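Bear in mind the structure is a predicted one, so any value in this text is a computation, not a measurement.
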Amino acid sequence: MAFVAGAVSLVTVLTMIMLAVTVVPSLAQQPLTITPTYVGTATNPDSVVVLNFLQTRDYNAFNPNAELTSPLQADTALGRDAVAAQLNSLFNGIFTNVQIEVTHAYFMDGTVVVEFILHGVNTGPFLTYLPTNAQVSLPMVGVFELENGLIQRLRLYFDYQTLVHLLGLDVTPTYVPPAATATSTFTSTPFSTPGLDQPLTAEPTEAATEVMGTEEPMGTEEPVMTVEPSMPTEEAPGPIMTEEPAPVGTAEVTS
């Protein structure tokens with residue numbers, strides 16, 4: 001009986017592991033549906049163009065002379081073909097099985113700002129790194145400017161550091177100390193200012209001469225005699241005279 005119970009528990013554990021392996025990836029490929037928050041009118045023509053593009057990635061939604069600015073490239077992509085090539089490297093290059101999930105959208109006259117999450121699988125190289133096959137949900141923001149009913153400019157934003165973290169890449173820069181350089185010898189010389197090393201010989205100006213002429217030159221004044229007060233001297237006290245008392249009984253009696 002104990003053997004049968006142990007075998008049943010083992011089968012139960014193996015079944016749970018198999019379910020985890022098969023069910024979890026399927027859940028990752030089906031992102032949770034988020035009800036988007038719209039600010040403005042989502043049914044005006046410009047809004048419809050932008051929302052449709054995010055779902056279909058049909059680059060005919062751009063004008064022939066459209067522009068794209070994004071972290072994917074330092075320079076601005078000019079023209080519909082250049083825009084399509086750059087966005088395609090993201091939606092069908094770095095990632096595949098891409099789904100766009102809009103979370104917030106702000107509709108204004110001629111401008112649509114969309115916050116969305118890019119869900120996809122990393123099956124293409126990123127920078128200099130090989131694909132990791134990681135499931136990625138990358139937050140992004142797109143600012144769309146429309147002219148004549150088509151997208152004229154798109155400014156796309158996402159955080160590179162977040163993407164690196166989601167892909168599980170280690171791109172921490174390694175510090176390399178600079179190469180040692182030869183020690184140079186510095187010889188200092190005494191500081192010298194031209195004209196200040198010699199005594200001044202310039203003649204006094206006319207104004208200074210007139211002022212100086214009204215004063216007596218220094219060193220010709222008669223010295224002032226100062227008399228120190230003398231301390232009074234006291235005469236030495238003389239001898240103290242004392243009177244001797246007359247002897248008792250010796251006075252003469254006169255008749």
Side-chain angles (χ1 to χ4, degrees), residues 23-73 76-124 126 131-169:
V23 173
V24 170
S26 64
L27 292 177
Q29 294 174 6
Q30 299 294 329
L32 298 176
T33 301
I34 299 176
T35 302
T37 300
Y38 291 154
V39 178
T41 304
T43 57
N44 68 49
D46 290 347
S47 305
V48 171
V49 169
V50 171
L51 294 177
N52 285 343
F53 164 73
L54 290 174
Q55 298 305 320
T56 63
R57 269 85 70 190
D58 183 358
Y59 300 107
N60 289 319
F62 287 84
N63 278 316
N65 60 341
E67 303 174 9
L68 168 64
T69 303
S70 77
L72 300 171
Q73 185 174 312
T76 300
L78 302 177
R80 179 189 294 162
D81 293 341
V83 170
Q86 191 173 140
L87 290 178
N88 210 41
S89 70
L90 177 68
F91 297 137
N92 293 302
I94 299 174
F95 302 106
T96 54
N97 300 328
V98 170
Q99 296 184 29
I100 300 295
E101 190 170 19
V102 175
T103 58
H104 298 80
Y106 309 87
F107 307 105
M108 296 160 280
D109 292 338
T111 303
V112 179
V113 180
V114 183
E115 299 178 40
F116 60 94
I117 300 174
L118 183 152
H119 301 281
V121 183
N122 175 220
T123 56
F126 171 68
T132 63
N133 295 316
Q135 297 277 349
V136 172
S137 294
L138 179 64
M140 308 182 76
V141 175
V143 180
F144 299 81
E145 296 181 8
L146 293 97
E147 294 180 3
N148 302 320
L150 295 176
I151 302 171
Q152 178 62 34
R153 297 177 191 85
L154 169 57
R155 294 188 296 278
L156 191 64
Y157 302 95
F158 64 87
D159 183 32
Y160 251 119
Q161 191 63 35
T162 300
L163 178 56
V164 167
H165 174 73
L166 293 173
L167 295 177
L169 299 175

Are V143 and L154 side-chain neighbours, meaning at least one heavy-atom pair lies under 4.5 Å?
no
Does the side chain of Q73 come under 3.5 Å of the side chain of Q86 through a donor N or O and an acceptor N or O?
yes
Do the side chains of V98 and N92 get nearer than 4.5 Å, heavy atoms only?
no
Under 6.0 Å between the ring centres of F91 and Y59?
no
For L51 and A42, work out which heavy atoms get closest and say how close.
CD1-O, 4.3 Å
D81 side chain to V83 main-chain N or O, any donor-acceptor pair under 3.5 Å?
no
What closest approach, in Å, do G142 and L156 show between heavy atoms, and which atom pair accounts for it?
CA-CD1, 4.3 Å
Any sub-3.5 Å donor-acceptor pair from N122's side-chain atoms to T132's backbone N or O?
yes
Tightest non-hydrogen contact, residues A61 and V49, listed as CB-CG1, 4.1 Å
Think R80 forms a cation-pi with F62, using NZ or CZ under 6.0 Å from the six-ring centre and within 45 degrees of its axis?
no
Check whether T56 reaches the backbone of N52 with its side chain - one donor and one acceptor, N or O, closer than 3.5 Å.
yes
Identify the heavy atoms of P36 and V102 that sit nearest to each other, and give their distance.
CB-O, 3.4 Å
Between the side chains of N65 and N63, does any donor sit under 3.5 Å from an acceptor?
no
Going by heavy atoms in the side chains, are F144 and D46 under 4.5 Å from each other?
no
Check against side chain to side chain contact (heavy atoms under 4.5 Å, CB included), H119 and V136:
CA-CA 6 Å; H119 301 281; V136 172; over 6 Å; no
What distance do Q55 atom CD and Q99 atom CD have between them, rounded to the nearest 0.5 Å?
9.0 Å
Kindly say whether L72 contributes a backbone atom to a donor-acceptor pair with the side chain of S70 at under 3.5 angstrom?
yes
Just verifying a value: how many Å separate R57 CZ and L90 CG, rounded to the nearest 0.5 Å?
9.5 Å
Would you mind reporting whether F95 and T123 have side-chain heavy atoms less than 4.5 Å apart?
no
Can you confirm whether L78 sits close enough to T76 that some side-chain heavy atom of one is under 4.5 Å from a side-chain heavy atom of the other?
yes
Enter the distance from Q135:CD to N97:CG here, rounded to the nearest 0.5 Å.
8.0 Å
Would you say D159 and L138 make side-chain contact, with heavy atoms under 4.5 Å?
no
Go through the steps to decide whether N44 and S47 satisfy the test side-chain hydrogen bond (donor to acceptor under 3.5 Å, both in side chains), and finish with yes or no.
CA-CA 5 Å; N44 68 49; S47 305; 2.8 Å; yes
So N60 and F53, side chain to side chain contact (heavy atoms under 4.5 Å, CB included) or not? Walk me through it.
CA-CA 9 Å; N60 289 319; F53 164 73; over 6 Å; no
Determine whether more than 12 heavy atoms belonging to other residues, nucleotides or ligands lie under 6.0 Å from atom NE2 of H165.
no
Quick check: do R155 and E145 have side-chain heavy atoms less than 4.5 Å from each other?
yes
Listing, residues 105-118 side-chain donor-acceptor contacts under 3.5 Å, not counting sequence neighbours, or none:
| from | atom 1 | to | atom 2 | distance (Å) |
| --- | --- | --- | --- | --- |
| Y106 | OH | E115 | OE2 | 3.2 |

Under 4.5 Å between any side-chain heavy atoms of Y157 and T69, yes or no?
no
